[in-house]
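Atoms within each ligand, like the ligands themselves, are counted from 1 in listed order. Every heavy atom of this structure was used, including side-chain atoms; hydrogens, water molecules and symmetry mates were not. Numbers here simply count residues along the sequence, with the first being 1. Everything numeric here is computed off the predicted structure, so don't read it as measured data.
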Amino acid sequence: MNLSPSLMCADPGHFAEEIAFLEAAGADSFHIDIMDGEFVSNFALSWAEVAKFSTMTSLPLEAHLMVRNLSVHIGFAASSGVKLVYLHAEHPDVLRGLKRAHMLGLQAGLAVNPETDIDTLRPFVDMVDSILMMRVRPGFAGQSAVSDVDGRLPLLRSLFPNTPITVDGAVTPDTVASMNRMGASGFVLGTSALFGKGKSYREIFRDLRCLKNPINQKKLNACE
Ligand code: DX5
Ligand code: ZN
């Protein structure tokens, strides 16, 4: 199971400490939201910040590109220490973007919005390294999941039987437990599971990994 804190939800005044604590607590990678105010009506993290993150951790950085100009942002990702970029299936230039990402040595993933017809993803089956299944409309942290969105996972799993599926948006401990059983292997952790919870990151990660195995819920010590 890959647990990936969403750094747009971390304390922006203390990124170095946040990254060190999250890594020590058991994060597997870091999720970085890049927005341009056009593809989605918000801004999140900058490439200058991402370049600094890459000096603060050896864990993989994954950039979720919610931008119009894919080409320029994929170039920044490649020069900022990012390992994997997620491009939106809804973007008109996604095919060219996936090819450009691979050409620059990046892993290329496909982000899929809650309302996107899964059948339209068929052309990408053999060319993506990872799927990012959105449970919310992208652009903002702290939203509720779109209703019935989790029912899309079996369909995605059958179209992409060998591709890791990560879930993004409103991921709670219950989401991790149930969607892991349904075949998702990665989870983006934001305000719903990790940040501002009044619990230590270490405790939260330990509990999330325990939830994977319901038997362990009653004896948390067995999960450490
Ligand atoms: C959007 C972001 C958000 C967020 C996840 O792409 O990835 O989904 O950071 O955190 P919450 O739990 O606030 O939805
Ligand atoms: Zn994201």
Discussion item. I need the nearest protein heavy-atom contact for atom 8 (O) of ligand 1: residue, atom name and distance, please.
Written reply: Asp168 OD1, 3.1 Å

Worksheet item: Does some non-hydrogen atom of Met66 fall short of 4.0 Å from ligand 1?
Response: yes

Item to complete: Before signing off on this row, confirm whether Gly142 and ligand 1 have an N or O atom pair separated by under 3.5 Å.
Response: yes

Worksheet item: Relative to each other, are the rings of Phe15 and Phe53 parallel, tilted or perpendicular (30° and 60° limits)?
Response: perpendicular

Fill in: Donor + acceptor pair across side chains of Ser29, Ser4 (<3.5 Å)
yes

Practice prompt. Can you establish whether the number of heavy atoms outside Asp126 located under 6.0 Å from its atom CG is more than 12?
Written response: no

Response to the item:
Here the atoms of ligand 1 under 4.0 Å from any heavy atom belonging to Cys9 are 9 (O)

Item to complete: Looking only at protein heavy atoms, identify the closest one to atom 13 (O) of ligand 1 and say how far it is in Å.
Response: Thr191 OG1, 2.5 Å

Item to complete: Taking all non-hydrogen atoms of both residues into account, name the closest pair between Met66 and Val40 and its distance.
Response: CB-CG2, 3.8 Å

Practice prompt. Look at atom 10 (O) of ligand 1 and say which protein heavy atom is nearest, naming residue and atom and giving the distance to 0.1 Å.
Written response: Gly190 CA, 3.2 Å

Practice prompt. Of all N, O or S atoms in His31, identify the one at the shortest distance from the Zn ion (ligand 2).
Written response: NE2

Worksheet item: Would you say Val171 and Ser192 make side-chain contact, with heavy atoms under 4.5 Å?
Response: no

Worksheet entry | Closest protein heavy atom (residue, atom, distance) for atom 2 (C) of ligand 1 | Asp33 OD2, 3.2 Å

Item to complete: Take Asp33 and Asn42 through the test side chain to side chain contact (heavy atoms under 4.5 Å, CB included) and record every step on the way to the result.
Response: CA-CA 10 Å; Asp33 289 300; Asn42 196 12; over 6 Å; no

Fill in: Atom nearest to the Zn ion (ligand 2) - His64, N, O or S atoms considered
ND1

Worksheet item: Any idea which protein heavy atom is nearest atom 9 (O) of ligand 1, and the distance to it?
Response: Ser6 OG, 2.7 Å

Worksheet item: Could an N or O of ligand 1 be found under 3.5 Å from any N or O of Val136, whether backbone or side chain?
Response: no

Worksheet entry | His64: numbered ligand 1 atoms lying under 4.0 Å from its heavy atoms | 6 (O)

Worksheet item: Is it true that atom CZ of Phe140 has more than 12 heavy atoms of other residues, nucleotides or ligands lying nearer than 6.0 Å?
Response: yes

Worksheet item: Of all the atoms in ligand 1, which lie at a distance below 4.0 Å from a heavy atom belonging to Ala170?
Response: 11 (P), 12 (O), 14 (O)

Worksheet item: Can you find a heavy atom in the side chain of Met133 that is under 4.5 Å from one in the side chain of Val112?
Response: no

Discussion item. Can you confirm whether Phe76 is buried at CZ, in the sense that more than 12 heavy atoms of other residues, nucleotides or ligands lie under 6.0 Å from that atom?
Written reply: no

Worksheet item: Name of the Asp168 N, O or S atom nearest the Zn ion (ligand 2)?
Response: OD2

Item to complete: Report the C-alpha distance between Phe124 and Leu95 in whole Å, list the side-chain angles of each, state the deciding distance to 0.1 Å, and finish with yes or no for side chain to side chain contact (heavy atoms under 4.5 Å, CB included).
Response: CA-CA 8 Å; Phe124 306 109; Leu95 185 60; 4.0 Å; yes

Worksheet item: How is the N/O/S atom of Asp33 that comes nearest to the Zn ion (ligand 2) named?
Response: OD1

Discussion item. Check Asp28 with Arg209, please: is the shortest side-chain N to carboxylate O separation under 4.0 Å?
Written reply: yes

Item to complete: State the atoms of ligand 1, each with its element, that fall below the 4.0 Å cut-off from a heavy-atom position in Gly169.
Response: 8 (O), 14 (O)

Worksheet entry | Part of Ala141 with heavy atoms under 4.0 Å of ligand 1, whether side chain, backbone, both or neither | both

Fill in: Atom indices of ligand 1 within 4.0 angstrom of Ser192 heavy atoms, with elements
11 (P), 12 (O)

Item to complete: May I ask you to test the Leu22-Phe205 pair for a side-chain heavy-atom distance under 4.5 Å?
Response: yes

Discussion item. I'd like to check which ligand 1 atoms, numbered from 1 as shown, lie under 4.0 Å from a non-hydrogen atom of His31.
Written reply: 7 (O)

